[in-house]
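Only one structure is covered here, and it is reproduced in the block below.
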Amino acid sequence: MEYLKRSATCGELRATDAGKSVVLNGWVHRKREHGPITFLNLRDRYGVTQVVVEADAAAALKAAAGELKYEYCVAVKGTVRARPDTMVNPDMATGAVELVAEELQILTRCDTLPFMVDEKSDAKEDLRLKYRYLDLRSFSMQDKIRLRHEVAFAVREHLVGKGFYEIETPTFIRSTPEGARDYLVPSRLYPGKFYALPQSPQLYKQILMVAGMDKYFQLARCYRDEDARGDRQPEFTQIDIEMSFVKRDDVLELVEGMMGHVFQKTLGVELPAKFRRIAYDESIELYGSDKPDLRFAMEMKDVGEFATRSGFQAFKDALAEGAARQAAAKSKGITQEGGAVKALVVPGKADYSRKQIEELEAAAKIYRAKGMAWMKVNAEGKLEGGASKFFAGETAPAGLEAELVAYLGAKPGDLILMVADSKRRVACVSLGAVRSKLGKDLGFCDPKKFEFAWIVDFPMFEYNEEEEKWDTAHHMFTMPQEKYHPTLESDPGAVKGDLYDLVMNGFELASGSIRIHDPELQKRIFSIVGFDPAEAERKFGFLTEAFKYGPPPHGGIAPGLDRLVMLMAGETSIKEVIAFPKNSFAVSPMDESPNEVDAKQLEELSIRILEAPDGAKTVEIRK
RNA sequence: GGGGGCGUGGCGAAGCUGGUUAUCGCGCCGGCCUGUCAAGCCGGAGAUCGCGGGUUCAAGCCCCGUCGCUCCCGCCA
């Protein structure tokens with residue numbers, strides 16, 4: 001039977017449409033029966049419209065209405081009627097009208113639902129993923145998918161307007177070393193050989209610069225075979241960008257403009273024209289994170305000096321141990337950090353209970369802090385409780401207490417928290433975790449506030465203590481800042497890269513760098529991290545080969561689309577803004593991937609699966 | 001690889017110190033109801049309490065193991 005095709009959507013009818021004959025198509029969102037009269041709320045992507053089957057309706061119409069259940073897909077033909085004043089629903093966009101049904105077709109029926117299609121559905125995520133098509137019918141999910149679409153569109157609009165070409169790069173590529181684990185695709189034509197799915201289009205976008213494309217972007221799907229998190233999925237989307245003949249600030253300004261455009265167009269939010277710039281070291285010292293949440297200040301302070309003068313042996317031991325390790329490293333010519341004692345003043349929270357403080361300490365311990373000391377500032381501005389006896393009173397050096405309170409800017413009624421560690425980074429990061437928790441607990445994390453910042457001046461190298469060698473902190477094509485070029489080899493630990501991250505509300509939103517375009521400099525970097533020329537040639541040969549043919553100076557960045565949309569939507573998991581995400585074990589509960597495949601498929605790929613007596617499986621590839 | 005949390009009708013939860021017939025809301029089925037809009041009212045069905053083992057006179061509850069989910073640490077150049 002030919003179905004009644006819609007002439008209007010469920011979101012568009014208004015009082016001015018009264019009298020019109022229309023057809024609506026949609027799903028039964030609600031049904032309310034009052035004896036002979038039946039109300040239906042019909043829903044589609046555009047909204048909800050009330051349909052009335054009246055008491056004097058034809059028998060066939062009433063019978064059809066009687067059969068309806070939640071989520072039946074139906075077509076209704078009828079006349080639009082303005083509702084009497086007392087029956088207008090001000091909460092509905094279409095609340096001024098209703099459709100008086102004249103003909104009702106049941107297009108398809110729906111089984112008893114595993115959960116209601118509703119904003120208030122509190123089904124567990126696992127179940128929502130299994131029945132994702134039902135979950136996505138809800139307005140809250142439709143809003144998020146629409147926002148994602150609009151963000152992607154605004155990104156394209158802005159970049160195309162700035163002269164960028166959208167260029168696709170391959171998804172079957174050569175596996176390259178470093179970084180995350182690759183997802184591999186076996187080759188049928190070449191038994192024993194594999195393609196890799198790209199962790200990012202990094203090498204291709206640089207080669208596009210060598211190719212003279214000048215300004216490139218792509219909404220690129222990226223694949224990393226690592227454990228998932230709330231803000232990490234095995235496959236995710238980057239707004240991949242690369243530009244020729246630019247310096248750092250050109251890239252930052254482009255992204256500032258792009259974010260401004262995206263927020264203005266999609267949320268109507270005006271962002272500042274420029275974002276704060278914070279040096280990596282400063283960010284770690286003040287916020288204990290390289291992706292600080294700047295919706296609130298509550299900056300940490302270094303109280304190492306005070307600890308040294310105090311009688312707090314645990315703190316002094318931590319500093320001494322750190323200093324000893326630092327000295328030992330220095331004798332080997334390695335720049336390394338010592339220990340630190342960091343403090344955080346929590347305004348007005350001297351009334352925190354033992355239990356509350358212990359919960360904060362637990363947050364610090366997750367990041368390897370051995371403990372957290374605390375003190376309270378009483379009404380007289382004196383320190384009391386916890387570790388105060390080491391800094392105040394008769395047991396402490398004269399004047400130390402007043403000096404410390406003044407230095408910290410602590411007021412009566414404040415709570416002071418302190419973490420010491422022989423590793424500066426551990427002290428900072430663990431107390432930074434406490435700062436983050438406090439931000440959430442104290443309600444500073446308004447999801448409608450968007451506080452962007454650039455984190456710049458990242459270290460270029462990290463010392464790998466296990467292997468006693470230097471590793472690149474980011475990828476190997478990052479340009480070291482000019483002023484460090486003479487001392488790359490003599491003091492790698494001090495070298496800053498021409499690197500930048502865009503952070504917002506405690507998340508890393510983008511990461512980028514100016515790249516090395518000088519083959520000689522590239523060789524020096526390979527050499528510092530112990531990447532021998534032959535190996536470099538074998539693994540990145542195509543890139544180094546390309547760079548023999550007049551590569552331009554270039555740089556780029558890659559904002560994460562999923563995280564951006566997540567934050568714009570006020571969510572804390574990127575699964576909420578991905579139509580079909582994987583669960584935390586990289587499984588798709590809906591289609592049950594990954595799955596086993598037919599023996600014939602394996603045979604064509606020269607693959608055999610071996611099962612050990614304990615059930616462990618190994619894949620054997622015939623070469 | 002490690003840690004926290006969860007697993008009870010289709011869904012979400014409650015279930016005390018181990019004690020009779022496992023409770024509530026939503027949904028489902030049947031009935032009533034002429035203006036509702038998360039409609040309301042009456043009645044009904046529906047659970048091997050994730051799975052396996054143990055302790056006990058007695059286990060949803062305690063113990064051991066296991067599976068699944070979720071958040072986090074590691075990992076993610």
Side-chain angles (χ1 to χ4, degrees), chain A residues 29-43 48-57 66 69-71 81 83-92 94-95 98 100 110-131 134-135 176-182 199-200 202-203 222-234 236 359 362-369 429-430 433 436-437 458 460-462 464 471-478 497 499 508 511 513 525 529 531 540 558 560 572-573 575 583-587 589:
Chain A
H29 188 61
R30 289 284 190 279
K31 175 180 168 184
R32 295 176 293 278
E33 286 183 294
H34 291 257
I37 189 168
T38 300
F39 298 96
L40 300 174
N41 281 359
L42 204 61
R43 186 199 70 241
V48 174
T49 300
Q50 173 163 290
V51 173
V52 191
V53 178
E54 296 196 296
D56 58 358
K69 296 188 174 77
Y70 286 121
E71 298 304 313
R81 176 165 76 192
R83 297 198 206 175
D85 286 351
T86 54
M87 292 165 200
V88 167
N89 185 342
D91 299 329
M92 285 173 83
T94 62
E98 59 193 1
V100 183
C110 177
D111 282 359
T112 299
L113 294 163
F115 52 82
M116 293 286 283
V117 174
D118 208 307
E119 321 321 311
K120 293 170 215 60
S121 168
D122 37 15
K124 286 182 185 146
E125 185 174 87
D126 200 31
L127 201 70
R128 292 174 55 209
L129 292 184
K130 180 169 179 185
Y131 298 96
L134 292 178
D135 191 37
T176 51
E178 301 287 311
R181 296 183 190 91
D182 282 328
Q199 295 179 26
S200 79
Q202 183 61 36
L203 302 180
C222 306
Y223 308 88
R224 295 180 189 174
D225 189 1
E226 298 292 341
D227 294 348
R229 280 288 191 291
D231 62 347
R232 269 166 33 193
Q233 281 267 298
F236 60 99
E359 279 170 11
K365 283 181 169 174
I366 292 172
Y367 291 86
R368 310 264 168 275
V429 169
S430 56
S436 293
K437 179 170 164 52
F458 281 82
M460 183 79 185
F461 302 100
E462 271 170 3
N464 182 330
D471 289 336
T472 45
H474 294 259
H475 62 65
M476 285 191 277
F477 313 109
T478 297
L499 281 155
E508 179 191 311
S511 190
S513 66
I525 302 298
V529 300
F531 210 58
F540 297 117
T572 54
S573 165
K575 292 180 213 169
N583 72 10
S584 62
F585 295 94
V587 165

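Just so it is clear, the structure is predicted and the values come from calculations on it, not from any experiment. Just so we're on the same page: letters track the sequence lines, and every chain starts at 1.
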Using a cut-off of less than 4.0 Å, is there contact between a side-chain N or O of [X] and OP1 or OP2 of [N]?
| X | N | value |
| --- | --- | --- |
| A:R181 | B:C75 | no |
| A:R32 | B:U36 | no |
| A:T112 | B:G27 | no |
| A:N89 | B:C37 | no |
| A:K365 | B:G4 | no |
| A:R224 | B:A77 | yes |

Ignoring hydrogens and angles, answer whether the base of [N] and the side-chain atoms of [X] contain a donor-acceptor pair closer than 3.5 Å.
| X | N | answer |
| --- | --- | --- |
| A:R81 | B:G35 | yes |
| A:E54 | B:U34 | no |
| A:E98 | B:G35 | yes |

Taking atom [atom1] in both [N] and [M], what distance in whole Å separates the two?
| N | M | atom1 | result |
| --- | --- | --- | --- |
| B:G12 | B:U48 | P | 15 Å |
| B:G50 | B:C11 | P | 13 Å |
| B:G65 | B:C28 | C1' | 37 Å |
| B:G19 | B:C63 | P | 15 Å |
| B:G7 | B:U66 | C1' | 14 Å |
| B:C57 | B:G74 | C1' | 49 Å |
| B:G31 | B:C24 | C1' | 23 Å |
| B:U17 | B:G53 | P | 28 Å |

When we call it a touch if two heavy atoms are under 4.0 Å apart, what does [X] touch: a base, just sugar-phosphate, or nothing?
| X | answer |
| --- | --- |
| A:A362 | nothing |
| A:D122 | sugar-phosphate |
| A:E125 | sugar-phosphate |
| A:T94 | nothing |
| A:E462 | nothing |
| A:K31 | nothing |
| A:I366 | sugar-phosphate |
| A:G95 | nothing |
| A:R43 | nothing |

With respect to the side chain of [X], which nucleotide from [options] is positioned closest?
| X | options | value |
| --- | --- | --- |
| A:E226 | B:G35, B:C73, B:C75 | B:C75 |
| A:R229 | B:C11, B:G74, B:C26 | B:G74 |
| A:L127 | B:C75, B:C11, B:A77 | B:C11 |
| A:Q202 | B:C71, B:C26, B:A77 | B:A77 |
| A:F585 | B:A77, B:C33, B:C69 | B:C69 |
| A:H34 | B:U70, B:G35, B:A77 | B:G35 |
| A:K124 | B:C76, B:U8, B:C73 | B:U8 |
| A:N583 | B:U36, B:C69, B:C28 | B:C69 |
| A:D227 | B:U34, B:G74, B:C73 | B:G74 |
| A:R232 | B:U34, B:C75, B:A77 | B:C75 |

Looking at side-chain heavy atoms only, is the closest gap between [X] and [Y] below 4.5 Å?
| X | Y | answer |
| --- | --- | --- |
| A:R43 | A:V117 | yes |
| A:F540 | A:L203 | yes |
| A:F461 | A:I525 | yes |

Can you check whether A:F39 stacks with the B:U36 base, using ring centres under 5.5 Å and planes within 30°?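 One would call A:F39 stacked on the B:U36 base.
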Look at [X] together with [Y] and state whether they make a salt bridge at an N to O cut-off of under 4.0 Å.
| X | Y | value |
| --- | --- | --- |
| A:D135 | A:R128 | yes |
| A:K575 | A:E125 | yes |
| A:D118 | A:R30 | yes |

Please figure out whether A:P36 or A:K69 has its closest RNA chain B nucleotide nearer the 5' end.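 With A:K69 and A:P36 compared, the 5'-side residue is A:K69.
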Start at the 5' end of RNA chain B and walk down; is the nucleotide closest to A:S573 or to A:R83 reached first?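 Whichever sits nearer the 5' end wins; that is A:R83.
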In sequence, state the C-alpha distance, the side-chain angles, and the governing distance for A:T94 and A:Q50, and then conclude on side-chain contact (heavy atoms from CB on, under 4.5 Å). CA-CA 8 Å; A:T94 62; A:Q50 173 163 290; over 6 Å; no
Before giving the answer on side-chain contact (heavy atoms from CB on, under 4.5 Å), spell out for A:V429 and A:R368 the whole-Å C-alpha distance, their side-chain angles and the decisive distance to 0.1 Å. CA-CA 9 Å; A:V429 169; A:R368 310 264 168 275; over 6 Å; no
